[in-house]
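Here is the structure we will look at.
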Amino acid sequence: MIKKLPIVCPSCSSGLDVISLHCDACDTTVTGKFSLPVLLRLEKKEQDFILDFVRCSGSLKIMASQLKLSYPTVRNMLDELIIKIENLDQDV
Amino acid sequence: MFKKLTNPFTYIAGKKSLLIGLLVIFATSIVAFYSNTYFPDIISVKMGVDLSLISGVTQNFLNWIVVSLLFYLAAISLSKSKIRIVDIFGTQALARIPYFFVSLISFSEVIDLYGKYLLWVYMKHGEPIEITMVQKSIAVFFLFVSLLLTIWLVTLMFNAYKVAANLKGARLIASFIVIMIISMVVLTYLSPIILSMIK
């Protein structure tokens with residue numbers, strides 16, 4: 001089972017920070033307070049959209065044809081994602 | 001299935017919808033010529049009208065061009081997205097598919113007969129018409145289907161504009177209503193001028 005990275009606090013719905021990171025190879029644990037980068041604060045499907053977009057060399061036409069959606073639909077999804085990223089940037 | 005019928009533009013837009021839409025408008029004009037149906041503006045329908053084929057084709061293409069052009073101007077002024085003209089014109093062309101079915105319904109002589117019957121009964125206009133209960137029921141059923149097709153047309157036009165222009169909320173609804181009204185006003189004045197030029 002692939003674990004889903006929690007990005008929102010289940011108690012108060014605020015954004016979560018990273019407190020510890022662990023190396024499986026040497027069993028080292030690093031602790032501290034690290035903010036999640038913008039990309040990791042997006043939903044899984046939004047992250048997948050960005051990955052698909054990069055894999056399609058940034059071509060919305062190719063992406064639309066792969067997703068079997070129309071060009072304006074994919075462009076609208078991208079535009080909504082841009083607005084969300086801008087809002088997340090402002091929150092930092 | 002319902003989503004595909006009311007918003008096919010999630011899946012189809014651009015050149016593909018333009019090509020299909022142009023064929024739909026042309027086919028509607030041909031059928032409307034033989035069924036004596038006339039579409040004087042973007043949503044109105046007149047049955048039992050004798051109009052030449054070229055006038056019918058011109059009117060139907062004019063309806064589509066005027067409304068698409070106004071939607072395009074609204075989209076580039078109101079939307080933050082990069083708008084493609086082919087998406088606006090293509091989706092609006094495809095949105096006219098319900099009126100192909102309306103022009104088919106007009107082949108039924110019952111509606112024309114029922115119209116004449118109503119004119120005689122309520123306005124004493126024309127000649128006395130005898131109409132059976134079955135004919136009345138069929139006419140009412142066809143009128144109801146025509147109403148549903150008109151609702152489908154407006155829904156398709158709205159969704160076409162929404163997808164192609166990437167607008168939401170009050171901005172989308174207000175601009176859609178305003179453009180529908182402006183289109184009808186423009187076509188009321190423009191259509192007679194254009195049609196008189198091709199006669």
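In what follows, chains are A, B, ... by sequence order, proteins preceding strands, each numbered from 1. Values below: all heavy atoms of this structure, side chains included; hydrogens, waters and symmetry mates excluded.
When hydrophobic clusters are built by joining Ile, Leu, Val, Met, Phe, Trp and Tyr residues whose side-chain heavy atoms come closer than 4.5 Å, directly or via intermediates, L19(B) is not grouped with L156(B). Cluster annotation: L5(B) and L94(B) are assigned to the same hydrophobic cluster (Ile/Leu/Val/Met/Phe/Trp/Tyr, side-chain heavy-atom contacts under 4.5 Å, transitive). Using a 4.5 Å cut-off between side-chain heavy atoms of Ile, Leu, Val, Met, Phe, Trp and Tyr, with links allowed through other members, F89(B) and F26(B) fall into the same hydrophobic cluster. Both I177(B) and I42(B) sit in one connected hydrophobic cluster of ILVMFWY residues. Membership requires side-chain heavy atoms under 4.5 Å apart, directly or through other members.
Only the side chain of K168(B) has a heavy atom closer than 4.5 Å to any heavy atom of chain A. For N76(A), the parts lying near chain B are the backbone and the side chain together; criterion is any non-hydrogen pair under 4.5 Å.
Heavy atoms from other residues, nucleotides or ligands lying under 6.0 Å from CZ of F141(B) number 12 at most. A 6.0 Å sphere centred on NZ of K84(A) holds more than 12 heavy atoms belonging to other residues, nucleotides or ligands. Annotation: F107(B), atom CZ; neighbour count of heavy atoms from other residues, nucleotides and ligands within 6.0 Å is above 12.
Here K82(B) contributes atom NZ and L60(A) contributes atom CG; the two are 9.5 Å apart, rounded to the nearest 0.5 Å.
At a threshold of 4.5 Å between non-hydrogen side-chain atoms, the residues Y71(A) and R84(B) count as touching. The shortest side-chain heavy-atom distance between T73(A) and F9(B) does not fall under the 4.5 Å cut-off. Two residues are said to be in side-chain contact when any heavy atoms from C-beta on lie closer than 4.5 Å; N166(B) and R75(A) meet this criterion. Looking only at side-chain heavy atoms (C-beta outward), D79(A) and S81(B) come within less than 4.5 Å of each other.
Shortest non-hydrogen contact noted between S70(A) and V163(B) is OG-CG1, 4.4 Å. Between P72(A) and A164(B), the closest heavy-atom pair is CB-CA, 4.3 Å.
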